[in-house]
Amino acid sequence: MRSPPLSHAEFHIEFVCAALAVALTVGFGYAAVLAALIGFDLPLPDYLVSAIQAHGHAQLWGWTGL
């Protein structure tokens with residue numbers, strides 16, 4: 001006797017789109033600015049400590065959504 005096929009939850013592509021949008025704009029944007037400042041040996045302003053934390057949070061939320 002065959003068992004019935006398993007059902008799964010509906011896949012929502014919106015989560016993938018939102019995760020990619022956050023990662024590509026906020027996350028990679030902060031990373032590009034920080035990499036340019038460090039790469040060109042420019043001084044890091046004090047407010048960039050918050051930007052580094054925001055970059056980490058953006059990447060975390062982006063990957064979590066993905």
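Keep in mind that this is a model prediction, so the values were computed, not measured. Positions are given from 1, in the same order as the sequence printed here.
- Residues satisfying the side chain to side chain contact (heavy atoms under 4.5 Å, CB included) test with Tyr47, not counting sequence neighbours, are Pro45.
- Take Ile38 and apply the side chain to side chain contact (heavy atoms under 4.5 Å, CB included) test, not counting sequence neighbours, and it matches Leu44.
- In this structure, the separation between CG on Leu20 and CD1 on Ile13 is 8.5 Å, given to the nearest 0.5 Å.
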